[in-house]
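Please read all numbers here as calculations on a predicted model, not as lab measurements.
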Amino acid sequence: MSEDHSTGTQVAAPEPAGRRKLIPAPWVFYPAAGLLVAFVVITAIIPEQMGDLIATANDTVVQDLGWYYIGLVAACVFFAIWIAVSPMGTIVLGKDPNDEPEFSIRSWFAMLFAAGMGIGLVFWGVAEPLNHYSVTPPGASAGTPAAAARSAMDVTFLHWGLHAWAIYVVVGLAIAYSVHRLGNPVSIRWALKPLLGDRIKGFWGDVIDVIAVLGTLFGVATSLGLGVTQIGAGLGYLEVIDEPTTWLLVLLIIVITAIAVTSVVTGVDKGIKWLSNINMGLAAAILVFVLIAGPTVFILSDFMTQVGSYLQNFFILTFNARPFQEEGAAWLGGWTTFYWGWWISWAPFVGVFIARISKGRTIRQFVTGVLLVPTLVTFLWFSVLGGTALHREVFGEGGLIAEDGSVSTNTALFQLFDTLPGATILSVLGITLIVIFFVTSSDSASFVVDMLSSGGDPNPPRWSRAFWGCVEGAVAAVLLVVGAQAAAADPEAGIDPLSALQTMAILLALPFSVVMVLLAVSTAKAVLKEQRVRQQKQREWFAERVAEHIENRS
């Protein structure tokens, strides 16, 4: 996997095999590994107490962070737009201003599309619009079924649109500029050098990388928890198993994590590419089939309408902290704040990926491509799957929302497939899609985390790749058990078994959100400085040309 995950950075030549350090960056690896292992062990020993602690954190911290995350993510959107439309947008992400992009525009867009797809889209593609339609977000319009459906899609587009990718722009651009323009190693700390100087080589640099590792691990663990929950629900829906118990889900995590660890250790580049291509093909096949088999004209009309509605209500959606609704804070903690925290925790991983594939692009191309391409693909995905589900509820036979108004989030995708031709085949393809997403996400995340914990080494040791892969699976498993126990202890409270995963993703994203602010300031400082130098050289060049012209005329 060295070719796919390498970064093209100008790092020192590796030491001979016999002299290579076992742990290249001990002050990052040991604290991050120690904290994560301690968390897994303590949570496994006293799951009930940890569940109570996480629930308290959710009530007293997470629900009070909505305004902060809303303001931060809005700032990311405006930062991305500002830097793209400014004169700095012409700066090339390469050592030489004449560097050509490594990948064709078609390949680059395809990889951005791949980065935009994941377990979350498969899990929430049907479930989120149905949830918002069934229980309208506080303060949203719900006078008619059509108004409720539109509000549901507006909020879904908010959570999966420009805001998510603006977060990745902030981190990805900082890393891309640091690596490709300045020739630094792949590390969050080095992207902060324009702001912090040589201090990034010491204690504070270690703290920054540890925060990035912890946040990424919990963000990926959340995705793995979502994926394995849906796999279990799908197997139960197909009657392959009687019921997806918690321990069966843990077993699934162990099995699939073992596959991912094998992949990341062997580094079979062609195998991962092969799996990724199959995944993209499966996702496209499911999308096209549902588009054709479902209400095609409605889906396309809804897609155009919802894009317009999203743009029209962009500012209202962006800044709505729902302060006048009694359930506003709780709703934000379960949806918007969770999503913003989830994206922030994924930002180091995705940032490294999009930085790697964007060498030779201008800043304007980078921002435009990263913001628009995955967003449009995601909007189409939700319009096809979520739109088909909403059409059935508003105009068709219904059945996807229970009589009590509840939505089976885990099985919503399979319930929709059951209303279409070839339901069993679609469900099998859906489960296969989730499994491969599980493997490729865990594989890639383990490699990126290992690079961050190895001081930016583009080819870290295999044993540590395996270690981080196992830790990801362990974190997902123990948090899934904690959430399930909390739900079982108080069935009437309606606790989601995934709540522990969601809460930890938000909490661990909090310290990295501070790092993101520093990354934005650091990037702005660096590109503004370069722009001043460029302008000075342009003025000098112009003055020389004018002097030559006057001299020639005289």
Side-chain angles (χ1 to χ4, degrees), residues 7-10 72-113 115-116 161-196 343-344 347-376 515-538:
T7 61
T9 57
Q10 297 182 2
L72 175 69
V73 175
C76 290
V77 175
F78 296 124
F79 172 83
I81 295 173
W82 165 73
I83 204 166
V85 302
S86 72
M88 288 85 77
T90 60
I91 294 175
V92 176
L93 298 172
K95 291 292 289 183
D96 188 332
N98 295 319
D99 276 353
E100 293 294 326
E102 285 188 287
F103 303 99
S104 68
I105 194 73
R106 181 177 178 180
S107 297
W108 188 58
F109 281 164
M111 286 185 282
L112 289 178
F113 169 80
L162 295 175
H163 297 74
W165 284 92
I167 293 170
Y168 297 151
V169 164
V170 170
V171 179
L173 180 59
I175 296 172
Y177 187 86
S178 172
V179 170
H180 301 313
R181 190 79 177 134
L182 303 180
N184 292 322
V186 186
S187 179
I188 303 296
R189 71 168 73 191
W190 283 98
L192 289 168
K193 187 176 181 181
L195 181 65
L196 301 181
W343 303 145
I344 290 171
F349 165 40
V350 179
V352 169
F353 173 76
I354 61 178
R356 167 63 185 91
I357 66 174
S358 299
K359 182 179 181 181
R361 299 284 168 194
T362 66
I363 288 178
R364 185 168 297 134
Q365 290 172 334
F366 178 92
V367 174
T368 304
V370 172
L371 278 183
L372 296 184
V373 175
T375 295
L376 289 175
V515 176
M516 279 183 54
V517 173
L518 298 178
L519 286 172
V521 174
S522 180
T523 304
K525 181 179 180 180
V527 296
L528 285 169
K529 179 180 179 180
E530 178 169 343
Q531 180 61 18
R532 287 194 296 270
V533 173
R534 294 171 69 192
Q535 289 176 338
Q536 180 180 354
K537 290 185 177 297
Q538 288 173 353

Practice problem: Quick one: closest heavy-atom pair of Met88 and Val527, and the distance? | Solution: CG-O, 3.6 Å
Quiz item: Can you tell me how far CD1 of Ile175 sits from CG of Leu93, rounded to the nearest 0.5 angstrom?
Solution: 12.0 Å
Quiz item: Where the side chain of Ser522 meets the backbone of Ala191, is there a donor-acceptor pair that is under 3.5 Å apart?
Solution: yes
Quiz item: What are the two closest non-hydrogen atoms of Thr90 and Thr362, and how far apart are they?
Solution: O-CG2, 3.9 Å
Quiz item: Taking it one step at a time, do Val179 and Trp190 satisfy side chain to side chain contact (heavy atoms under 4.5 Å, CB included)?
Solution: CA-CA 8 Å; Val179 170; Trp190 283 98; over 6 Å; no
Quiz item: Looking only at atom types and distance, does a side-chain atom of Lys525 sit under 3.5 Å from a main-chain N or O of Pro194, one as donor and one as acceptor?
Solution: yes
Exercise. Over 60° means perpendicular and under 30° means parallel, so classify the ring planes of Trp165 and Tyr168, tilted if in between.
Key: perpendicular
Quiz item: About how many Å separate CG of Leu518 and CG of Leu196, when rounded to the nearest 0.5 Å?
Solution: 6.5 Å
Quiz prompt | Val92 versus Arg181, closest heavy-atom pair with distance | solution = O-CD, 3.3 Å
Quiz item: What is the minimum heavy-atom distance between Leu173 and Ile363, and which atoms define it?
Solution: CD1-CG1, 4.0 Å
Quiz prompt | Arg534-Gln531 side chain donor-acceptor pair, cut-off 3.5 Å | solution = yes
Quiz item: Which atoms form the tightest heavy-atom contact between Ile167 and Trp343, and what is the distance?
Solution: CD1-CB, 3.7 Å
Exercise. Determine, step by step, whether Leu372 and Leu162 satisfy the side chain to side chain contact (heavy atoms under 4.5 Å, CB included) criterion, reporting the C-alpha distance in whole Å, the side-chain angles of both residues, the deciding distance to 0.1 Å, and the verdict.
Key: CA-CA 7 Å; Leu372 296 184; Leu162 295 175; 4.3 Å; yes
Self-check item: Heavy-atom pair of closest approach, residues Thr375 and Leu371
Solution: OG1-O, 2.5 Å
Quiz item: Who passes salt bridge (Lys or Arg N to Asp or Glu O under 4.0 Å) against Arg364, sequence neighbours left out?
Solution: none
Quiz item: Do Arg361 and Ile105 touch side chain to side chain, with heavy atoms closer than 4.5 Å?
Solution: yes
Quiz item: Rounded to the nearest 0.5 Å, what separation is found between the CD atom of Gln535 and the CD atom of Gln538?
Solution: 6.5 Å
Self-check item: Main-chain N/O of Ile83 paired with Ser86 side-chain donor or acceptor, under 3.5 Å
Solution: yes
Practice problem: Any chance you could lay out the side chain to side chain contact (heavy atoms under 4.5 Å, CB included) test for Ile91 and Tyr177, step after step, and finish with the verdict? | Solution: CA-CA 9 Å; Ile91 294 175; Tyr177 187 86; 4.2 Å; yes
Quiz item: Do any N or O atoms from the side chain of Ser178 and from the backbone of Ala174 form a donor-acceptor pair under 3.5 angstrom?
Solution: no
